[in-house]
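Numbering of ligands and ligand atoms starts at 1, following listing order.
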Amino acid sequence: MYILYGSAISGNCWKPAFMLRQRGLPFRWVEVDILAGASRTPDFLAMNPNGRVPLLQLPDGRALAESNAMLLHLGEDTAWLPRDAYDRAKVYEWLFFEQYTHEPSIATVRFWVAYLNKGVEWSEKIAATMVKGHAALGVMERQLAQSAFLVGATPTLADIALYAYTHVAHEGGYDLEGYPAVRAWLARFAALPGFVAMPCTAPAKPD
Ligand SMILES: N[C@@H](CCC(=O)N[C@@H](CS)C(=O)NCC(=O)O)C(=O)O
């Protein structure tokens, strides 16, 4: 049985939970109270020296950190990860974009505003970060004006990774009105078979 250590408020944690459910792999969700520092205890650091969730424990006991590494591991030999080398590299391109450009501006602002209540106190920093977030949304908009999903006509791991925080961007104050192709893609993704919204904490099958 897989064990997924996660936080229900985290899009990064939704990603592997979504993929485990897509694959029909039973898993146990262990809620980690990140706001109380529960991912920074000596016990947790022994599992993930980076002190963050999600942390996936494989059925054989080995641990894996980084949400997009989990997507790649769980997506192997599925339609979510193309076999063609170029298409596969395009998936990686979006996964790296998500972590370096999208998540640091969109997920971070959501966390500051919705969970740390710093919307007023940090308004200057938030406004500056939102400029970068809108640039990231613009990149997605340009691609999604051309293709139904980020890497062509069918969904891939790239869509899971980017859906995670785009669909809750409004919680940080982002207005998606100016991104019609992104909004259409969000609806398309949510209509996929087996779609499970955030939080995605329950096991795929009863333990
Ligand atoms: N790049 C990592 C980011 C993980 C991350 O930032 N996790 C946050 C929740 S989304 C966390 O554990 N925060 C608690 C902390 O840093 O103490 C991933 O994609 O898994």
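Counting only heavy atoms from C-beta outward, the side chains of W185 and L150 approach each other to under 4.5 Å.
The heavy atom nearest to atom 14 (C) of ligand 1, considering only G11, A164, S39, is found in S39. Distances from atom 20 (O) of ligand 1 to the heavy atoms of S67, S7, G6 put S67 nearest.
A parallel orientation is assigned to the rings of F189 and Y163, their planes being inclined by less than 30° (bins at 30° and 60°).
Of the protein's heavy atoms, N12 ND2, 3.6 Å lies nearest to atom 3 (C) of ligand 1. Shortest contact from atom 13 (N) of ligand 1 to any protein heavy atom: I34 CD1, 4.0 Å. Nearest protein neighbour of atom 2 (C) of ligand 1, counting heavy atoms only, is E66 OE1, 3.2 Å. Among protein heavy atoms, atom 6 (O) of ligand 1 sits closest to R52 CD, 3.4 Å.
Those atoms of ligand 1 that come under 4.0 Å of a heavy atom in R40, given as number and element, are 15 (C), 16 (O), 17 (O). Using a 4.0 Å cut-off to heavy atoms of S10, the atoms of ligand 1 that qualify are 10 (S). Of all atoms in ligand 1, numbered sequentially from 1 with element shown, those under 4.0 Å from a heavy atom of G51 are 15 (C), 17 (O).
To the nearest 0.5 Å, the span separating CH2 on W94 from NE2 on H102 amounts to 9.5 Å.
Not less than 6.0 angstrom separates the ring centroid of Y179 from the ring centroid of Y174.
Heavy atoms of Y165 found under 4.0 angstrom from ligand 1 belong exclusively to the side chain. For V53, heavy-atom contacts with ligand 1 shorter than 4.0 Å involve the backbone as well as the side chain.
Contact record, S39 with L45: O-CD2, 4.2 Å, taken as the closest heavy-atom pair. Contact detail for M198 and I9: the closest heavy-atom pair is CE-O, 3.4 Å. Residue S67 comes nearest to N12 through the heavy atom pair CB-O, 3.3 Å, listed as atom of the first residue, atom of the second, then distance.
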Practice problem: Could you walk me through whether L58 and Y2 pass side chain to side chain contact (heavy atoms under 4.5 Å, CB included), step by step? | Solution: CA-CA 5 Å; L58 309 186; Y2 287 86; 3.7 Å; yes
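Residue contacts with ligand 1: E103 is placed with no nitrogen or oxygen under 3.5 Å of a nitrogen or oxygen of the ligand (distance criterion only).
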